[in-house]
Amino acid sequence: MAATFSKRLLATAVLAALAVQTGNASALGLIEAYEAALQNDPVYRSAVHDNEAGQQNRALGRSNLLPNVSASYSAYKNRADYTTPNFLGQETTTHPEYRSNSSAVQLRQPLFNLDGYARYKQGQAQANYSDAQFNARAQDLLLRLVSAYADAKYAEDTLALATVQRDTFAEQKAVNERMFQKGEGTKTDVLETQAKFDLAEAQLIEARDNLTTARNTLASIVGQDITDLDSLGDGFKVRPMQPATFEEWKTLALEQNAEITAQRYVVEASEQEVLKNRAGHAPRVDLVAAVSKGKSETLTTLNQDSTTRSLGVQVNIPIYSGGATTAASTQAVASREKAKSDLEAKTNQVLVELRKQYNLVLSSASRIDALVKSVQSGRALVTATQQSVKGGVRINLDVLNAQQQLFVAQRDLAQARYSYLLAYLRLRNAAGTLNGEDLSTIASYFVKGGSGATTAAVQPIDMLAETKRMAVPLRAALPLVPSVSPPVAPPVRAEAAAPAAERDVVLQAVSDWTQAWSARDVDAYLRFYADDFVSVNGQDRAAWAQERRTKISAKRFIKVQAEAPEVVIDGDTATVRFRQIYASDKTRDATAKTLTFTRRGGQWKIKQETVAG
């Protein structure tokens with residue numbers, strides 16, 4: 001299952017992300033958009049708080065097995081009617097007034113409590129369900145973000161292509177009108193071009209509206225206005241399928257899919273609900289210890305102090321509750337069977353989605369290659385049709401249709417590339433393997449400041465041959481048809497320029513560091529730090545190490561992961577930036593962290609450790 005995401009949202013990581021894009025602050029990269037979404041997306045924020053609430057089920061369930069301690073105190077002012085016979089046998093009544101008080105402390109420890117044990121197991125299942133649900137929602141955030149980002153980029157590409165098409169028809173319209181005025185064109189050519197131009201103008205308006213909507217959708221997730229986004233790089237290549245077979249993906253999905261896992265915990269909680277209700281027929285045995293003190297509690301103990309200490313076993317045996325226990329048990333059994341059916345339905349739903357995305361990823365390579373060839377053929381067709389018009393074989397309408405066909409092919413190619421990226425993520429989401437590394441993989445397809453594979457600067461196509469003869473001025477370098485580069489490997493981030501072997505050594509050191517921390521092996525953890533390490537608070541290594549030893553040892557469990565590490569090596573210094581996912585029995589958070597390593601005696605030691613912000 002994908003690692004549990006931040007609950008204390010990345011308060012400082014966004015500043016680090018902004019620092020990365022200092023050189024191009026106007027463009028919002030995919031990684032930066034994700035960091036902003038973690039901070040601002042209301043759906044994800046709701047999931048965080050829902051998970052915080054769900055985790056309390058663990059403590060609530062455990063409380064049924066732990067001692068209960070209660071204390072009481074009372075103080076009264078009393079006025080009594082006290083009637084007694086006197087020495088003559090006559091009854092006399094007096095009205096004594098006095099104060100009384102009492103206090104008690106009681107401890108009750110369950111010894112045999114089937115209801116309490118079932119509640120304990122149910123609380124564990126409910127807390128695990130909350131974790132699984134949170135993982136599903138965190139992965140859903142990643143999918144929603146990339147989908148909105150791709151929609152916004154596709155809308156930008158569509159607008160750019162619609163603008164190119166409109167401008168092309170405008171140029172050709174001007175040519176045909178000039179030729180008609182000179183007596184060398186026809187009215188039909190003018191009307192045909194005018195009709196195409198008007199349609200292109202309408203499509204351009206629609207494209208602008210779609211772009212506004214797409215950007216607003218993305219802005220609602222990241223919490224900021226969208227003005228510029230990274231573009232797809234020129235080198236777009238479909239990645240090899242790993243694992244290769246659908247059966248392997250299916251096995252992963254059945255084991256790790258967050259929604260299936262969550263539904264399994266629903267079944268487990270429902271099973272414990274059955275046991276809890278059936279326990280209504282079982283006796284309960286408690287160990288009870290109490291200390292009570294009293295003063296003048298009754299008339300017979302007036303002005304007397306008493307202290308009572310008791311220790312014993314209390315047995316409660318339910319006999320009849322009006323049929324409530326049986327009815328509740330029957331109801332719980334029905335709910336359990338419903339949960340099992342829901343699990344089967346969810347499993348089938350996930351496997352259908354898995355198969356769909358698997359097939360889409362497999363077919364994407366062929367589809368994208370075919371559309372690349374379609375764009376190339378479309379460009380050639382436009383050029384050839386223009387030459388045929390010059391020779392009198394084709395007419396003006398043929399040129400317009402060829403240009404329209406090229407525009408459609410370019411638009412479909414852009415859509416196919418974005419669809420592949422989304423299918424890549426959705427496949428991993430269905431398999432339960434979606435994590436930060438997949439986001440980095442998708443981000444590597446985009447480049448900052450680039451014009452993109454779809455709307456790159458291109459070689460213009462000459463207008464009709466008659467244009468030259470009529471000396472009609474054309475706009476220089478009209479970007480009519482985007483160029484299509486042969487597929488190459490996705491762009492590699494600059495940070496990955498470190499020598500591969502040395503980079504792997506540094507990454508292994510980071511992995512070993514997280515494992516030692518997760519295992520609460522303090523000695524192994526501290527060995528990763530150089531002797532001259534100084535903490536961000538200015539503590540020397542000895543004082544810092546003692547503080548870390550105390551904090552780590554106090555945790556019942558710790559889990560640390562380093563997501564999307566980026567390594568830069570300069571001589572004997574290595575800088576590693578990553579997103580640290582931390583979870584313990586007391587805290588869960590995620591931060592952008594930087595570790596600065598120095599080479600000492602052939603080993604990489606941490607010299608500085610900083611948190612972004």
Side-chain angles (χ1 to χ4, degrees), residues 3 6 8 10-23 31-32 35 436-437 440 492-555 558-584 587 589-613:
S6 167
R8 183 172 60 82
L10 306 175
T12 56
V14 175
L15 295 179
L18 293 176
V20 171
Q21 54 177 335
T22 300
I31 297 295
E32 292 81 9
E35 299 290 354
E437 293 180 2
S440 298
V492 179
R493 292 175 177 268
E495 291 85 352
E502 199 62 60
R503 181 175 178 272
D504 290 343
V505 173
V506 174
L507 289 175
Q508 186 61 48
V510 174
S511 176
D512 294 342
W513 169 75
T514 61
Q515 291 178 16
W517 192 357
S518 297
R520 297 189 299 143
D521 187 346
V522 182
D523 292 333
Y525 169 79
L526 294 176
R527 281 197 292 271
F528 285 95
Y529 291 85
D531 293 338
D532 56 350
F533 173 81
V534 178
S535 73
V536 293
N537 297 327
Q539 293 174 297
D540 59 25
R541 191 184 188 283
W544 170 84
Q546 183 59 42
E547 181 179 307
R548 294 299 296 155
R549 184 181 298 275
T550 301
K551 288 185 177 180
I552 293 175
S553 300
K555 304 293 191 302
I558 294 176
K559 184 176 181 181
V560 183
Q561 289 183 308
E563 284 195 351
E566 299 175 349
V567 181
V568 176
I569 299 178
D570 184 9
D572 289 335
T573 301
T575 303
V576 185
R577 298 182 181 89
F578 56 91
R579 195 165 73 95
Q580 177 180 290
I581 308 298
Y582 175 89
S584 72
T587 306
D589 65 17
T591 55
K593 178 166 283 190
T594 300
L595 294 179
T596 302
F597 287 83
T598 182
R599 202 196 312 262
R600 300 285 171 82
Q603 294 183 330
W604 290 102
K605 298 287 187 178
I606 301 173
K607 186 176 182 181
Q608 186 176 12
E609 179 178 2
T610 58
V611 176

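Gln508 and Asp512 form a side-chain donor-acceptor contact under 3.5 Å, judged by distance and modelled atom types alone. With hydrogens and angles left out, the side-chain atoms of Arg548 and Tyr525 include a donor and acceptor closer than 3.5 Å. Checked by atom type, the side-chain pair Glu502/Trp604 shows a donor-acceptor distance below 3.5 Å.
Checked by atom type and distance alone, the side chain of Arg541 pairs as donor or acceptor with a backbone atom of Ala530 at under 3.5 Å. Although no hydrogens or angles enter the test, the distance criterion places no donor-acceptor pair under 3.5 Å between the side chain of Thr575 and the main chain of Thr596. The main-chain N or O of Val568 is never found under 3.5 Å from a side-chain atom of Arg577 such that the two would form a donor-acceptor pair. Side-chain atoms of Asp570 do not come within 3.5 Å of backbone N or O of Thr573 as any donor-acceptor pair.
Distance CD1/Ile581 to NZ/Lys559: 10.5 Å, rounded to 0.5 Å. To the nearest 0.5 Å, the span separating CD on Glu547 from CD1 on Ile552 amounts to 10.5 Å. Separation of atoms CG (Leu526) and CH2 (Trp513) is listed at 12.0 Å; rounding is to 0.5 Å. If you take OG on Ser440 and CD on Glu566, they are separated by 6.5 Å, rounding to the nearest 0.5 Å.
When all heavy atoms are compared, the tightest approach of Phe528 to Ala524 is CD1-O, 3.1 Å. When every heavy atom of Ala562 is checked against every heavy atom of Pro565, the shortest pair comes out as O-CD, 4.0 Å. Looking at every heavy atom in both residues, Gly436 comes nearest to Ala564 through O-CB, 4.4 Å. When every heavy atom of Arg503 is checked against every heavy atom of Ile569, the shortest pair comes out as N-CD1, 3.8 Å. For the pair Val560 and Thr514, the tightest heavy-atom approach, listed with the atom from each and the gap, is O-CB, 3.8 Å.
Ring centroid separation for the pair Trp544 and Tyr529 comes in under the 6.0 Å cut-off.
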- [ ] Take Thr598 and Phe533 through the test side-chain contact (heavy atoms from CB on, under 4.5 Å) and record every step on the way to the result.
- [x] CA-CA 10 Å; Thr598 182; Phe533 173 81; over 6 Å; no
Open item on the list: If you apply the rule side-chain contact (heavy atoms from CB on, under 4.5 Å), what do you find for Tyr582 with Lys593, and how did you get there?
Closed with: CA-CA 11 Å; Tyr582 175 89; Lys593 178 166 283 190; over 6 Å; no
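With salt bridges taken as basic N to acidic carboxylate O contacts below 4.0 Å, none links Asp572 and Arg600.
Atom NZ of Lys605 has more than 12 neighbouring heavy atoms from other residues, nucleotides or ligands inside a 6.0 Å radius. Crowding of Glu437 atom CD: a count of heavy atoms from other residues, nucleotides or ligands under 6.0 Å not exceeding 12.
Just one of Lys555, Arg549, Lys551 meets the side-chain contact (heavy atoms from CB on, under 4.5 Å) condition when paired with Ser553; it is Arg549.
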